[in-house]
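See below for the structure under consideration.
Letters A, B, ... are given to chains in the order of the sequence lines, protein chains preceding strands, and every chain is numbered from 1. Side chains are part of it too, since the values below use all heavy atoms of this structure and drop only hydrogens, waters and symmetry mates.
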Protein chains: 2
Amino acid sequence: MSKRRVTVIEVAREAGVSPATVSRILNGTAAVDPEKQRAVEKAIEQLGYRPNVVARGLVTGSSNIIGVLTPDLASPYYSDVLGGIEEALEGTPYSPLIASGHWNRRDELGVLDVLLSHQIAALIVFGSSLSEADLRGLAAGVPLVVLGRRVELGDLGGASISFDDEGGAYAATRHLVEQGHRVIGHIMGDEAHEDAHERLRGYRRALEEAGLPFDGALVTRGDYRVPSGLLGMQRLLDGGKPLTAVFCANDQMAIGARLALYRRGMRVPDDLSLVGFDDQPGSPYTTPPLTSVRLPMREAGLALARFALARLRGETPTVQVPSLELVVRESVVRRR
Amino acid sequence: MSKRRVTVIEVAREAGVSPATVSRILNGTAAVDPEKQRAVEKAIEQLGYRPNVVARGLVTGSSNIIGVLTPDLASPYYSDVLGGIEEALEGTPYSPLIASGHWNRRDELGVLDVLLSHQIAALIVFGSSLSEADLRGLAAGVPLVVLGRRVELGDLGGASISFDDEGGAYAATRHLVEQGHRVIGHIMGDEAHEDAHERLRGYRRALEEAGLPFDGALVTRGDYRVPSGLLGMQRLLDGGKPLTAVFCANDQMAIGARLALYRRGMRVPDDLSLVGFDDQPGSPYTTPPLTSVRLPMREAGLALARFALARLRGETPTVQVPSLELVVRESVVRRR
DNA sequence: CTGTTAGCGCTTTCAT
DNA sequence: ATGAAAGCGCTAACAG
């Protein structure tokens, strides 16, 4: 917390060596006489020297900053990924520079410009509005890892990781079937997102596999936000179908749906069973605790950052896609 | 998204001017012949030039990075503040460099070192484990703004902003009193945090003001996390007091308390009324929607960043402390 | 193993 | 109004 700036020069002088030697010790770039090593360390301590990573970045041509582009800083969904990234970066010389693209291409491009102007060492992008071409263009200039999108980046040394949404939705719906439900509704996610379609597909596959007819009247559109779940549930309820369970494309909408039920005095799961998707932090504590499909966001963040780190070390890593898992809690009742 | 690095030199050559002129145009540092201005802009466009902020930082002695130290990246509570900071920084040349101190002094110090080594222009710290002396030491070297702590920083050009926890708790409890409740429990927050005591104090003041006795057996200790709310409620229920309402020191614990009630088949608010604190994002959608005290975290983030920005402009700003507000929803019933 | 010498890309005097 | 030149603090050849 020193005030005035101490530089390598001063440390070198204090320790009676050259700046280059100080630098070598700092970076472990070459072997150094242990005696001088100690002298330098002492000088650093005494002077309260702290390397200027900006200057270092200028000469090495890259900062030890890893850019992170997220669509939304304040979303718990994404902040878990950030937590994972942070964890992976801990103990490394890298720090995350986080920026939000607000779900739109224009902002994302602008923010990317800022990130890039900081000479970031690598870039991590969460489900963005960028085109595949944009992404590939980016990857050509900086090690890139993308989350939540399937983009071919391997030839450019990048990687993308995405979840098996279809499989997760299949598992969720199948669980309902296994519990004896026969008329199962679905509240879809935002159609603009590929995963909403994947989840619908999984729902459909589970139904068909069980010999249950797919009925369009049992599916209603949402946008992944709470109010749309509430509205969706109302629509489903008013549709007149004898449904006993609803699979919601995410927990947010499940919460909305649950509220709609509450408003009508219907009990969960006794009157209607509910399954969500994402298993967000609060879901174990809703009333009743929500059965959901866990998306390992934190693990994904870890994987993302570890991939980037490995690339930075010059390796050619491969990413493990963390798998989804149905978490059974209390929002589904067994029917017979 | 260019690959090779384009520099001012090349832009200058392309435009037929000196690098100094390009710099002047980039920064608006001095008036320049409009003709050359255009030529330079064209060259920049053509070459796809993007200033290297690292180099710029080296010469100006400061990056346009604003360091943010948060105790926890993945907490929704704090990510709202981040959102506010981000919003305030938008359109300015500054970007946030976010780091997490994991709620302990050692990590915070380490992470601070990283932040500082990036020559951050200003520093924003959320409720940290640092001592007042640490904080004052920091403030001496970099414009500092602290959230959630009362620290005297004015003489160093810094500022701290914190909420009126006592007042918020008073309002919450008083609401319960006004709704006819006479035996009101309290689940306290983590005693290590000053705000837990503040909130207890507000609860107590409201009680006393209403002529209700303060009863230690009605207060139980929690740690601000969900499970502690559940446990706390159980303890309260088993305490044998005829309570009709409980004020929880935060929404997390209120959710836990609500779950405890659900487990015992008790209805909210019919059998017991509940008030929380923080008004976290999910609270409008719990069953029933939770009455809570809104902490304007996003606004706080805005205020924090705006203060820093103003200081960076050389002004001597003052901070407005955003005020708390009781949000009445459906978790409290009127008694008579 | 270690010191000397050049810059990295940019801004900023200082002249003109 | 503009160019030339001098660094910002650090690392990376290159000699020794």
Side-chain angles (χ1 to χ4, degrees), chain A residues 2-41 43-44 47-65 93 113-114 116-121, chain B residues 2-41 43-44 47-65 93 113-114 116-121:
Chain A
S2 54
K3 218 182 161 62
R4 231 192 23 79
R5 198 115 263 108
V6 183
T7 74
V8 252
I9 312 264
E10 299 170 57
V11 173
R13 186 160 36 216
E14 178 73 21
V17 299
S18 77
T21 299
V22 176
S23 168
R24 285 191 265 256
I25 290 172
L26 251 26
N27 303 289
T29 319
V32 172
D33 179 24
E35 186 121 354
K36 307 201 174 190
Q37 168 111 13
R38 233 167 306 112
V40 168
E41 274 159 4
I44 289 179
L47 270 37
Y49 169 75
R50 173 187 301 122
N52 180 337
V53 299
V54 175
R56 178 180 300 168
L58 180 56
V59 28
T60 60
S62 144
S63 61
N64 24 206
I65 289 185
D113 216 61
V114 173
L116 258 15
S117 73
H118 281 283
Q119 317 300 118
I120 50 174
Chain B
S2 54
K3 216 181 164 58
R4 234 195 19 82
R5 199 111 265 111
V6 183
T7 75
V8 251
I9 312 265
E10 300 169 56
V11 173
R13 187 163 34 218
E14 178 74 20
V17 299
S18 77
T21 300
V22 176
S23 169
R24 286 192 263 257
I25 290 172
L26 251 25
N27 302 289
T29 319
V32 172
D33 179 25
E35 186 121 355
K36 309 201 172 191
Q37 168 113 12
R38 235 168 303 112
V40 169
E41 274 159 5
I44 287 179
L47 269 37
Y49 169 74
R50 172 188 303 124
N52 180 336
V53 299
V54 175
R56 178 179 300 169
L58 180 56
V59 30
T60 61
S62 144
S63 61
N64 25 206
I65 289 186
D113 214 63
V114 173
L116 257 16
S117 72
H118 280 283
Q119 317 300 119
I120 50 175

Quiz item: Backbone N or O of B:His118 within a donor-acceptor pair of the B:Ser63 side chain at under 3.5 Å?
Solution: yes
Self-check item: Evaluation steps, side chain to side chain contact (heavy atoms under 4.5 Å, CB included), between B:Arg56 and A:Val54
Solution: CA-CA 9 Å; B:Arg56 178 179 300 169; A:Val54 175; over 6 Å; no
Quiz item: Taking atom C1' of D:dT2 as reference, at what distance in whole Å does atom CD of B:Glu35 sit?
Solution: 15 Å
Quiz item: What one-letter contact string describes nucleotides 6-16 of chain D from 5' to 3', where B marks a base within less than 4.0 Å of any protein heavy atom, S marks contact via sugar-phosphate atoms alone, and - marks no contact?
Solution: -BBBBSBB---
Practice problem: Test side chain to side chain contact (heavy atoms under 4.5 Å, CB included) on A:Thr7 and A:Asn52 and set out the steps. | Solution: CA-CA 8 Å; A:Thr7 74; A:Asn52 180 337; over 6 Å; no
Exercise. Could you check A:Val32 against A:Val17 for side chain to side chain contact (heavy atoms under 4.5 Å, CB included), going step by step and ending with a plain yes or no?
Key: CA-CA 11 Å; A:Val32 172; A:Val17 299; over 6 Å; no
Practice problem: Would you please confirm or rule out a distance under 4.0 Å between OP1 or OP2 of D:dT2 and any side-chain N or O of B:Lys36? | Solution: yes
Exercise. Determine: side-chain N/O of B:Thr21 to OP1/OP2 of D:dT2, distance under 4.0 Å, yes or no.
Key: no
Exercise. Hey, could you give me the CG/CZ distance between B:Leu116 and A:Arg50, rounded to the nearest 0.5 Å?
Key: 4.0 Å
Quiz item: Over how many whole Å does the gap from B:Arg13 atom CZ to D:dG3 atom P extend?
Solution: 14 Å
Which atom pairs, donor and acceptor, lie under 3.5 Å between side-chain atoms of residues 19-28 of chain B and protein residues at least two apart or in another chain?
{"residue": "B:Thr21", "atom": "OG1", "partner": "B:Ser18", "partner atom": "OG", "Å": "3.3"}
{"residue": "B:Ser23", "atom": "OG", "partner": "B:Asn27", "partner atom": "ND2", "Å": "3.4"}
{"residue": "B:Asn27", "atom": "ND2", "partner": "B:Ser23", "partner atom": "O", "Å": "2.7"}

